[in-house]
2 protein chains.
Amino acid sequence: MSEQAEQHQGQSAGRDEEAVSRFVERFAAELTEAGMQRMASRVFAALLASDSGTLTSAELAEQLQISPAAVSGAVRYLVQVNMVRREREPGTRRDRYRLYNELWYETLGNREKVLTRWEEVLREGAKTLGPDTPAGARVAETVEFFEFMQGELDVLLERWREHRAQRLAEES
Amino acid sequence: MSEQAEQHQGQSAGRDEEAVSRFVERFAAELTEAGMQRMASRVFAALLASDSGTLTSAELAEQLQISPAAVSGAVRYLVQVNMVRREREPGTRRDRYRLYNELWYETLGNREKVLTRWEEVLREGAKTLGPDTPAGARVAETVEFFEFMQGELDVLLERWREHRAQRLAEES
DNA sequence: CGCTGCTTTCACAAATTTGTGAAGTTAAGA
DNA sequence: TCTTAACTTCACAAATTTGTGAAAGCAGCG
């Protein structure tokens, strides 16, 4: 791929696209192993490795060697789970897909919704098993653990932001 | 199923096995959605809902309506990821499978190994992208986030144990 | 208003994953 | 050592998931 084409995609000139691609695929594989759909993982990893944090459908299809249909499916999923958002490129009929949050990892905290659902199921289960049974007690304790975690995770994120702000201040 | 049979499985007499089964399946479905193999999820959920925290292969096969082969596969996985351990029942040729830790949710912290692998991949990626590029900076920051989290999660677990101990003390 | 090009949807084929039956292996007990 | 119960492995069939090409849908622009 020519440097001009790279510029076109908003990447640094002359970066080693082959090495970048290896990284994209390696990280995507990790995401996939963690339970994310394969194409969604690859699309997300590609966005993460792009300078602008944004790519068009065509660029994704070309870079990942997949059909527009596959891009569409992956993006639908990523938008739904709030990892990517869709932007219309003004003056064209082309969409751009962007990392939902530059601080994308904060999204991992959005697991909240998952945790909440788990809590509901477990709370109901504890009731079914009965608080006076070993199994019921075990499940009830699990619920408390999740409640505790839910609260603490927010605190933790706040601490991270401080930590990060401090680091940025030191740098300058 | 007769109460005698239930006793045989170490469950409370007279618990509503049908409702328990619904709970097992519901929670298993959550685990599956979160990326765990289906049979592994079901086996784990069944153990979680058992009073003794331990079941034999035959009991699992019967309760979940699956073949011994399926139990074997599920257990192999669960043992590997340290959620279940295998025990030989002395004086018989029957294995028992037990929740690895009564405080099973602590295992969620064992995600450490996963986080560490992610960190490696991302660190390498940051190098490839170059620290002076937006993409490289983004990935490098992700690495720092994981490093931070790794450390804080231990602290958090410790706080939970305190929290829990205190609650137990209040109860008595 | 209709053409044009980008995106999505749909039906299907390919690939992968899952669970089973049956054979194989291991170890307890006679 | 032999028998046999229990678990594991293996090869395969079934089910599910995945990605594609082709057609349909939409939105910009003339």
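Residue numbers start from 1 in every chain, and the chains themselves are labelled A, B, ... in the order their sequence lines are given, proteins ahead of strands. Quick caveat, the model's predicted, so the values are computed rather than measured.
Between A:Thr92 and B:Gly73, the residue anchored nearer the 5' end of DNA chain D, judged by the nucleotide with its closest heavy atom, is B:Gly73. Nearer to the 5' terminus of DNA chain C, by closest-nucleotide assignment, is the contact made by A:Arg88 (compared with the other of A:Arg88 and B:Ala69).
Between atom CD of residue A:Glu87 and atom OG1 of residue A:Thr56 there is a gap of 12.0 Å, rounded to the nearest 0.5 Å.
Rounded to an integer number of Å, the gap from CZ of B:Arg93 to C1' of D:dC2 is 12 Å. One can place CD of A:Gln65 at 14 Å from C1' of D:dT20, the figure rounded to the nearest angstrom. A:Gln37 has its CD atom 10 Å from the C1' atom of D:dT17, to the nearest Å. Look at CE on A:Met39: it is 11 Å from P on C:dT16, rounded to the nearest Å. In this entry the distance linking CD1 of A:Ile66 with P of C:dT8 reads 13 Å, nearest Å. Summarising the geometry, the separation between CG on B:Leu64 and C1' on C:dG19 is reported as 13 Å, rounded to the nearest angstrom. D:dG25 atom C1' lies 14 Å from atom CG of A:Asp95, rounded to whole Å. A straight line from OH of A:Tyr77 to P of D:dT17 spans 14 Å, rounded to a whole angstrom.
When distances run from any side-chain atom of B:Ser67 to the nucleotides D:dT9, C:dT20, D:dC7, the shortest one goes to C:dT20. Picking from C:dT7, D:dG21, C:dT9 the nucleotide with the shortest atom distance to the side chain of A:Ser72 gives C:dT9. Nearest nucleotide to the side chain of A:Arg38, out of C:dT7, D:dT18, D:dG21: D:dT18. Nearest nucleotide to the side chain of B:Ala70, out of D:dT20, C:dT7, C:dG19: C:dG19.
Not a single donor-acceptor contact under 3.5 angstrom links the side-chain atoms of A:Arg94 to the base of C:dT7.
For A:Glu158, the CD atom counts as densely surrounded, since its 6.0 Å shell holds more than 12 non-hydrogen atoms of other residues, nucleotides or ligands. Counting non-hydrogen atoms of other residues, nucleotides and ligands closer than 6.0 Å to OH of A:Tyr100 gives a total of 12 or fewer.
For B:Arg96, no side-chain nitrogen or oxygen approaches OP1 or OP2 of D:dA6 to under 4.0 Å. OP1 or OP2 of C:dC6 has not a single side-chain nitrogen or oxygen of A:Ser57 nearer than 4.0 Å.
A:Arg42 comes within 4.0 angstrom of nothing in the nucleic acid, heavy atoms only. Looking at heavy-atom distances under 4.0 Å, B:Gly91 makes contact with sugar-phosphate atoms alone, never a base.
The one candidate from A:Leu47, A:Val84, A:Asp95 that meets the side chain to side chain contact (heavy atoms under 4.5 Å, CB included) condition with A:Leu55 is A:Leu47.
Although no hydrogens or angles enter the test, the distance criterion places a donor-acceptor pair under 3.5 Å between the side chain of A:Thr32 and the main chain of A:Ala28.
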